Amino acid sequence: MEHDSADDRGETASVASDRPVRTGASVRLEKLDKRFNRVVAVDGVSLEIEPGEFITLLGPSGSGKTTTLMMIAGFETPTAREIYIDGSPIVATPPHRRNIGMVFQNYALFPHMTVAENIAFPLKQRKISKASIAERVAGVLDIVSLPGYQRRYPRQLSGGQQQRIALARAIVFNPRVLLMDEPLGALDKQLRENLQLEIRRLHEELGITFIYVTHDQEEALVMSDRIAVMNQGRIEQVGSPIDLYDRPNSRFVAGFIGESNFLEGTALDGGAGVNAVRVGDDIISAVGRNDVTSGMAVVLAVRPEKLSFADNRTSESPASLNRLSATVREGMFIGEVRRYVLETAPGLRLTLKQPLRHSIRHYAPGERVELEWHIEDTRIVSIGTD
Ligand code: ATP
């Protein structure tokens with residue numbers, strides 16, 4: 001069933017096709033600042049979001065994610081600069097004129113209204129005809145996989161179902177942008193994982209621009225086309241999940257997305273290609289950077305799953321590998337992998353994650369081992385006084 005109407009949207013696009021209609025808007029944040037008295041919540045945030053993109057603002061508590069979302073929605077006014085939707089400035093436009101849907105963590109359904117009344121609410125505000133409302137409510141309930149739930153009250157629904165209804169209410173008026181602030185935060189792990197996939201599917205189906213807020217890196221990696229990592233009111237890095245994972249450009253991103261070992265050292269040379277770095281008594285090679293020069297203090301990052309025990313590998317060319325001797329301090333089974341803590345020098349500990357395979361031998365605390373890993377998996381994430 002068609003859940004949209006060109007008339008109701010005041011647009012001329014034909015929507016009576018089986019194929020999803022790409023109706024997402026572009027969103028551009030231009031040097032946004034938001035201060036609350038002395039607190040700088042958002043500090044010069046610029047971001048270009050493509051029409052129909054699924055972008056996630058990811059960061060720890062207090063990093064400015066919600067404030068950024070609230071400014072896009074229109075519930076907060078930036079202290080400085082502008083937000084553009086499809087190229088038009090919108091800071092002066094009130095929230096209900098922005099054609100933006102929003103879902104919060106705590107569902108925010110009206111408890112005294114039925115599901116149908118809850119979903120109809122934004123349509124009534126927009127003076128849509130009664131007949132069209134009933135049709136659209138039914139259509140959107142199909143989309144969120146709760147057909148026939150019109151007469152239930154929120155208290156008769158599970159948390160996951162309530163959040164689906166909140167989603168239905170946020171998309172029923174055909175917004176071109178959907179904002180979601182930790183929408184799965186209150187749900188248990190299993191349900192959260194199911195709904196993550198469902199929200200992704202919904203994004204594919206609707207073709208609108210999704211801007212999603214979470215502090216959960218796994219959720220961001222699973223769901224997003226791109227992730228903007230926020231820290232202390234600023235965007236640290238923007239990229240695809242794989243970009244951020246494989247090529248973090250700061251210590252913060254390397255530590256916040258996935259797990260990283262950090263090695264502090266001194267660069268022996270600089271420039272693109274490969275940089276040699278002295279770490280204690282050892283020389284480690286890293287992916288080179290143009291902004292690194294000889295003598296500079298640097299921090300290297302290596303993911304625990306990129307490290308391996310030398311005798312478990314065969315066909316690698318030694319020239320492409322780093323090697324370090326270490327002593328095993330701990331080895332622990334933690335589910336999908338065995339996790340080792342290794343000491344490479346007094347006080348310098350690295351974590352290694354070893355996949356569980358029958359052919360792989362385990363190491364006991366106290367054993368001396370050789371570690372190796374690819375130079376390409378060794379990144380300089382901080383230089384000088386960063
Ligand atoms: P969380 O994940 O905990 O929701 P967040 O990344 O969404 O965090 P914000 O809620 O945007 O962060 O808050 C950013 C900073 O702005 C915090 O230091 C917060 O205390 C402050 N802040 C947010 N709203 C207000 C307000 N209305 N008045 C004063 N300070 C505020």
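Read the numbers this way: they start at 1 and go in the same order the structure lists the ligands and their atoms. What you are looking at is a predicted structure, and each value in this text was computed from that prediction instead of being measured.
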A.B. asks: Tell me: protein heavy atom nearest atom 24 (N) of ligand 1, and distance?
C.D. replies: F36 CE1, 3.4 Å
A.B. asks: Looking at ligand 1, does any of its N/O atoms fall within less than 3.5 Å of an N/O of K65?
C.D. replies: yes
A.B. asks: Just by distance, no angles: are the side chains of E343 and T327 close enough, under 3.5 Å, to form a donor-acceptor pair?
C.D. replies: no
A.B. asks: Counting non-hydrogen protein atoms only, what is the nearest one to atom 8 (O) of ligand 1? Give residue, atom name and distance.
C.D. replies: G62 N, 2.7 Å
A.B. asks: Heavy-atom contact check, 4.0 Å cutoff: does G233 meet ligand 1?
C.D. replies: no
A.B. asks: Of all the non-hydrogen atoms in the protein, which one sits nearest to atom 13 (O) of ligand 1, and at what distance?
C.D. replies: T67 OG1, 3.8 Å
A.B. asks: Say whether R169 and N118, considering side chains only, have a donor N or O and an acceptor N or O under 3.5 Å apart.
C.D. replies: yes
A.B. asks: How far is atom 10 (O) of ligand 1 from its nearest protein heavy atom, and which residue and atom name does that atom have?
C.D. replies: T66 CB, 3.7 Å
A.B. asks: Can you sort out which atoms of ligand 1 are near P60, meaning under 4.0 Å from one of its heavy atoms?
C.D. replies: 6 (O)
A.B. asks: So which heavy atom in the protein is nearest atom 20 (O) of ligand 1, and how far is it from that ligand atom?
C.D. replies: V39 CG1, 4.9 Å
A.B. asks: Looking just at side-chain N and O atoms, do Y212 and E182 make a donor-acceptor pair shorter than 3.5 Å?
C.D. replies: no
A.B. asks: Ignoring hydrogens and angles, state whether a donor on the side chain of E370 or S325 is under 3.5 Å from an acceptor on the partner side chain.
C.D. replies: yes
A.B. asks: Could you tell me whether R192 and E218 make a salt bridge, using a distance below 4.0 angstrom between a side-chain N and a carboxylate O?
C.D. replies: no
A.B. asks: If the cut-off is 4.0 Å to any non-hydrogen atom of A41, which atoms of ligand 1 fall inside it?
C.D. replies: 14 (C), 15 (C), 16 (O)
A.B. asks: Decide side chain to side chain contact (heavy atoms under 4.5 Å, CB included) for Y340 and E330; before the verdict, give the C-alpha distance in whole Å, the side-chain angles of both, and the deciding distance to 0.1 Å.
C.D. replies: CA-CA 5 Å; Y340 287 97; E330 276 175 40; over 6 Å; no
A.B. asks: Run the side chain to side chain contact (heavy atoms under 4.5 Å, CB included) test on V45 and K31 for me, step by step, so that the C-alpha distance in whole Å, both residues' side-chain angles and the decisive distance to 0.1 Å come before the verdict.
C.D. replies: CA-CA 5 Å; V45 162; K31 294 187 177 155; over 6 Å; no
A.B. asks: Any idea which atoms of ligand 1 are less than 4.0 Å away from a heavy-atom of S63?
C.D. replies: 5 (P), 6 (O), 12 (O)
A.B. asks: Verify, without hydrogens or angle tests, whether E198 (side chain) and L195 (backbone) share a donor-acceptor contact under 3.5 angstrom.
C.D. replies: no
A.B. asks: Considering only protein heavy atoms, which is closest to atom 3 (O) of ligand 1, and at what distance to one decimal place?
C.D. replies: S61 OG, 2.6 Å
A.B. asks: Does G64 come within less than 4.0 Å of ligand 1, judged by its heavy atoms?
C.D. replies: yes
